[in-house]
Amino acid sequence: MADLGNDSVETESLRAALIRHLVTEGTIHDQRVAAAFQAVPRHVFVPQAPLDVAYADDVVLMKRDGSGVVTSSVSQPSIIALMLEQAAIQPGDRVLEIGSGGYNAALMRELAGPTGSVTTVDIDPEVTDRARLLLDESGYGDVAVVQADGAFGAPERAPYDRIVVTVTAWEIASAWLRQLRPRGRIVVPLRMRGQTRSVAFDRVGDHLESRSTTLCGFVSMQGAGANYERLVPLGELELTFDEDQAGEPHPRADVLALPRLQMWSGVQVDREEPLLDLYLWLAGTLPGYCVMSSGEWSWVAAVATADSLAYLSTRPASDGSYVELGCAGHGPRAPELIDRMLDQLRTWDARHRNGPGPSFQVHARADELPAGFHIVRRDSYITVTWAE
Ligand SMILES: C[S@@+](CC[C@H](N)C(=O)[O-])C[C@H]1O[C@@H](n2cnc3c(N)ncnc32)[C@H](O)[C@@H]1O
């Protein structure tokens, strides 16, 4: 399907090396996904990038807003591959992509095959104009490119067997659920309590059930589905709460200047061990949970009250590759907050650390929710459950 007219020995060999990397590191398992990566000339979709950058396993930034925040990119190949594996697009599928760039739409067009179809929607006309041009140039002229707020899907071409969202979303928009076929699948980088996971959900009746999750990072959704977080300045740091935690109090910005109390849990973790499952466990069990951060990449689980704050801390363990988890706090209620957090650290360690991790369900109505930790969104409810 692709027009490889301007392909060269060099781009072919760079592309083959990228695919070898994705297979070797265990990102690509599905032969059909590998074949799609082989077919689509990635360099065409990032014309400004040198060839080695176009074929590196790295994101290519395309646009920043006035304050320097990245608003558009052509995603990192390994994230794209993980999400395509999650989406399991079948020949003949009707696919909707939210967030365009052209490259991923072309890959999905390969996977959907001659009897399938791909529609890609972006809120930014500059992005859709470029995607249209580059898709035409590379032989994917039958991908439909729509300029609109993806929070409303693309009703004119619904229903879809697969919806793949390539921008961080705080919830499953009700339009996506309406436009998804019964037993269809939606893959979405879902942000909950300050962390983002790509979740593959299957539609089961009127609700969604997660089938797989993988950690990821994307630019944030603009438009009607934007801004579900509340930022509270704390000196040079900040606390982040989700919109449904509007009633949660927080301490004054100078709370960190109060004397610091520190306690340790006895729970040791490998320095490299991802702790996002632990963080989500704490989010579901500790009232006042929030994320304390300094800049975009450094953040830690915390619990806040009107006068006190406690947060996760670590110290080197006897084995140098391990650290012990603890909790530090400031303010009159610090001892109580620290006790609670240490209790939950130990519970997670004993009951969930080696388990399958959390599962997620999404419902449109409050009266049909299963038991679990509920995150309330504008259009829907996310339920988090943990197998014992
Ligand atoms: C990471 S880029 C998409 C990458 C792309 N899928 C690719 O092929 O690599 C995210 C895109 O989402 C778009 N976006 C942000 N908010 C949106 C919204 N509400 N509806 C549709 N697109 C949106 C941005 O303009 C940006 O181009």
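If you're wondering where the values come from, they're calculated on a predicted model, not measured in any experiment. We count ligands from 1, going down the list as the structure has it; atoms in each ligand are counted the same way.
Residue H330 is tested with L261, L337, V255 for a side chain to side chain contact (heavy atoms under 4.5 Å, CB included); the sole match is V255. Put simply, the residue from L208, I186, D379, V362 that forms a side chain to side chain contact (heavy atoms under 4.5 Å, CB included) with L177 is L208.
Judged by the 6.0 Å distance and 45° axis criteria, R109 is not positioned over the aromatic ring of Y140. A cation-pi geometry, defined here as NZ or CZ lying under 6.0 Å from the six-membered ring centre and within 45° of its normal, holds between R378 and Y228.
The shell of residues lying under 4.0 angstrom from ligand 1, judged by heavy atoms, includes S72. Residue-ligand proximity: S73 is placed with a non-hydrogen atom under 4.0 Å from ligand 1.
Among the atoms of I98, none of the N or O lies under 3.5 angstrom from an N or O of ligand 1. For ligand 1, none of its N or O atoms has an N or O atom of D124 under 3.5 Å away.
Distances below 4.0 Å separate heavy atoms of V167 from the following atoms of ligand 1: 12 (O), 15 (C). The E97 neighbourhood of ligand 1 comprises atoms 6 (N), with distances under 4.0 Å to a heavy atom of that residue. In summary, the atoms of ligand 1 found under 4.0 Å from a heavy atom of G150, numbered by their order in the structure, are 18 (C), 19 (N), 20 (N), 21 (C). Those atoms of ligand 1 with a heavy atom of M221 less than 4.0 angstrom away are 16 (N), 19 (N). Set against the non-hydrogen atoms of S100, the atoms of ligand 1 under 4.0 Å away are 3 (C), 4 (C), 5 (C), 27 (O).
Between R197 and Q195, the side chains place a donor N or O and an acceptor N or O closer than 3.5 Å (distance only, hydrogens not considered). The closest side-chain donor-acceptor pair between E10 and S8, if any, does not fall under 3.5 angstrom. Between T119 and R157, the side chains place a donor N or O and an acceptor N or O closer than 3.5 Å (distance only, hydrogens not considered).
Scanning the protein heavy atoms around atom 12 (O) of ligand 1, the nearest turns out to be G99 CA, 3.4 Å. The single protein non-hydrogen atom nearest to atom 16 (N) of ligand 1 is Q222 N, 2.9 Å, given as residue, atom name and distance. For atom 8 (O) of ligand 1, the nearest protein heavy atom (residue, atom name, distance) is N104 N, 3.0 Å. Among protein heavy atoms, atom 9 (O) of ligand 1 sits closest to S75 N, 2.9 Å. Scanning the protein heavy atoms around atom 13 (C) of ligand 1, the nearest turns out to be D122 OD2, 3.2 Å.
The heavy atom nearest to atom 14 (N) of ligand 1, out of those in V219, V127, I123, is found in I123. When the heavy atoms of V165, T71, T166 are ranked by distance to atom 26 (C) of ligand 1, first place goes to T71.
The pair R130-D124 does not meet the salt-bridge criterion, since no charged nitrogen lies less than 4.0 angstrom from a carboxylate oxygen. A salt bridge is absent between R183 and D202: the closest approach of a Lys/Arg side-chain nitrogen to an acidic carboxylate oxygen does not fall below 4.0 angstrom.
Checked against the 6.0 Å centroid criterion, the rings of F152 and W176 do not qualify as a close aromatic pair.
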